[in-house]
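Read through the structure below, which is laid out as C-alpha cells, and then see the notes.
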Amino acid sequence: MSAWRPGPRNAITDIPGIRVGHYTDRRAATGCTVILCPGAHAAAVDARGGAPGTRETDVLGLANLVRTCHAVLFAGGSAFGLAAADGVMRWCAEHDIGVPTAKRKVPIVSAAVIYDLALGDPHAFPGPQEGYLAAVRARRGAVAEGSVGAGTGATVAKLLGPDRALKGGLGTASLAAPGGLMVGALAVVNAVGSICDPSTGECRAGPRGDEPGEILSIPAALERRTAAMDALQPAAAASATAAPGDLENTTLLCVATNARLEPHELQRLAVHAHDGFARCVVPAHTRGDGDIAFALSSGDLPARPDDLLLLGALTAAAVEAAVLRAVDLARGTKAVPSAAEWRAAAGR
C-alpha cells in the first residue's frame, strides 16, 4: 500500500479526459454534480442498493450496443432531480458530443440521484438549467468537496432517524501505482449507515448520542432502533414497511481509470467500487439505499489481464478515501451538524 500515491490533485480529474462541475443551492440544500467524460472508451454500472433512482443505466449493459456514456450526473432532489440530465444533454449537444446517428449525435448522460428532500426545501430540486450550469462549470482542475453539488443536502448515520443524523457530502480521491496505472473516485455519501475508517476501525460518523460529541456504536444504535420499533403498538409495528428515514438514503459512486479497458473488464471495477464502499459504510446496500457505482475507462494506458487485480485494489482504496473525505469535509446546517462540529461540541 505504501507504494501507492495520490494523484496530483487527489481527485477523479487526475484521470485524462475527466472534468467535474457542480451546481450548489445552499439555501434549498440541494444541487447536482456532472462528471464529463466525452472521450471515454467504455462505461459500466453496478447497482446494489434496494431503492435506486437512475437514468440511462441499461444502455451500459454488456449485451447492449453503446456501452459508454458522455457524462455521469449525480443530483439531489430524489427522482425529480433526474431532470437535470436534460441540461447536461443540451450542453453536450451544443459541443457536438454524442453517439453518431444518421441525423445528429445523441449524447448519453447516465444519471443517479439521492434523496435530500428532508433537509432543505422539499419542493426544490435541480432541473435542466441547473444541470446545464454544472456542465458549463466542469473543469479538469481541483474539485470542490464537502457540502457542494449533489452532496449539498446529503446526510449520514440515520439508523435512529434524522434527529440523530450527521452531515454527509461529496468527496473525491485518486491513487496511482508505480507502473502508472491510476484510479480516481468521486462519492456522494447520503447513507443510512455509519461511516467507518477501515484502516483504524474508527467510527467517523455515527448516530448522535445523548451527550454532546457522543457517537453511538453500530450495535448500540441497532439496539436502540429495535427497542423503538418494539415500543410501537403491535399493529403499527406489523404494518410498518420501514422505520423513519430508511427510504431516504443512497450513496453514489463514480470511478475512472487511465487504463484502456474493455466493457466487461470495466464492469469488474464497478463491483470493486462497492467493495471499498462497504468497508466504510455499515450497513451498506440496504433496501432503502439506492447505492450505485459507475466505472469509466478514460485513458490509453495498456492494461494486461493481470493488471485487473491491481486496478480492483486501487479502485476499492480510492473509493474508501473519497467516502471518508465526503464526511470529513462536510459542513453542518442548523438542523444537522457535521461530524467534526459534533465532536467539537464536546471539546474534542
Side-chain angles (χ1 to χ4, degrees), residues 12-23 31-47 52-75 77 79-113 125-141 143 149-150 184 186 188 252-267 269-270 292-301:
I12 196 172
T13 50
D14 286 324
I15 305 303
I18 300 294
R19 290 178 284 165
V20 173
H22 300 305
Y23 169 82
C32 61
T33 296
V34 174
I35 303 157
L36 292 178
C37 51
H41 309 301
V45 64
D46 186 18
T54 60
R55 164 176 166 158
E56 289 280 36
T57 52
D58 284 352
V59 72
L60 305 182
L62 295 180
N64 294 332
L65 176 65
V66 177
R67 294 184 292 183
T68 192
C69 62
H70 306 99
V72 174
L73 168 77
F74 290 160
F80 299 108
L82 291 171
D86 291 340
V88 182
M89 282 194 70
R90 177 162 67 92
W91 184 92
C92 288
E94 291 175 357
H95 291 79
D96 198 34
I97 296 169
V99 175
T101 71
K103 297 297 183 180
R104 62 177 295 182
K105 290 183 179 179
V106 179
I108 305 299
V109 178
S110 298
V113 294
F125 56 89
Q129 183 61 23
E130 290 74 23
Y132 184 88
L133 287 174
V136 167
R137 295 168 181 169
R139 298 290 184 270
R140 285 272 338 260
V143 177
L186 185 145
V188 178
L252 310 177
L253 307 170
C254 183
V255 298
T257 179
N258 62 349
R260 190 180 184 101
L261 300 180
E262 295 299 318
H264 70 279
E265 297 171 320
L266 199 58
Q267 186 68 44
L269 291 197
I292 189 167
F294 294 87
L296 307 169
S297 173
S298 183
D300 286 310
L301 198 64

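Throughout, residue positions are numbered sequentially from 1 according to the sequence presented.
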Minimum heavy-atom separation for [X] and [Y], please, with both atom names.
X	Y	answer
Q267	A44	OE1-CB, 3.5 Å
F74	A150	O-CB, 3.4 Å
P16	N258	CD-CB, 3.8 Å
A270	A293	O-CB, 3.7 Å
A134	C32	CB-SG, 4.0 Å
P126	A75	CG-CB, 4.0 Å

Which residues satisfy the ring-ring contact (aromatic ring centres under 6.0 Å, His included) test with F125, sequence neighbours excluded?
-> F80
Residue pair H22, V143: steps toward the side-chain contact (heavy atoms from CB on, under 4.5 Å) verdict = CA-CA 9 Å; H22 300 305; V143 177; 3.8 Å; yes
side-chain contact (heavy atoms from CB on, under 4.5 Å) with V20: of V72, T33, V34, L36, only one passes, and it is T33
Just jot down the salt bridge (charged side-chain N to carboxylate O under 4.0 Å, His left out) partners of R19, sequence neighbours excluded, or say none.
->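 So R19 forms no salt bridge (charged side-chain N to carboxylate O under 4.0 Å, His left out) with any residue.
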Could you tell me whether the side chain of [X] and the main chain of [Y] form a donor-acceptor pair under 3.5 Å?
X	Y	result
S298	A40	no
T13	G141	yes
T57	S110	no

Is there a side-chain contact between I35 and I18 (heavy atoms, below 4.5 Å)?
-> yes
So do the side chains of L82 and V113 get within less than 4.5 Å of each other, counting heavy atoms only?
-> yes
Side chain to side chain contact (heavy atoms under 4.5 Å, CB included) against [X], all qualifying residues, sequence neighbours excluded:
X	answer
A47	I292
R260	H41, D300
A85	R55, L73, V109, A111
I97	P38, H70, W91, C92, H95

Measure the [atom1]-[atom2] distance between [X] and [Y] for me, rounded to the nearest 0.5 Å.
X	Y	atom1	atom2	result
L296	L266	CG	CG	7.0 Å
I15	C37	CD1	SG	12.0 Å
R140	D14	CZ	CG	8.0 Å

Does any pair with a residue in residues 87-99 pass salt bridge (Lys or Arg N to Asp or Glu O under 4.0 Å), and if so which ones, sequence neighbours excluded?
->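 For residues 87-99, and leaving out neighbouring residues, the salt bridge (Lys or Arg N to Asp or Glu O under 4.0 Å) pairs sorted by first residue read R90-E94, D96-K105.
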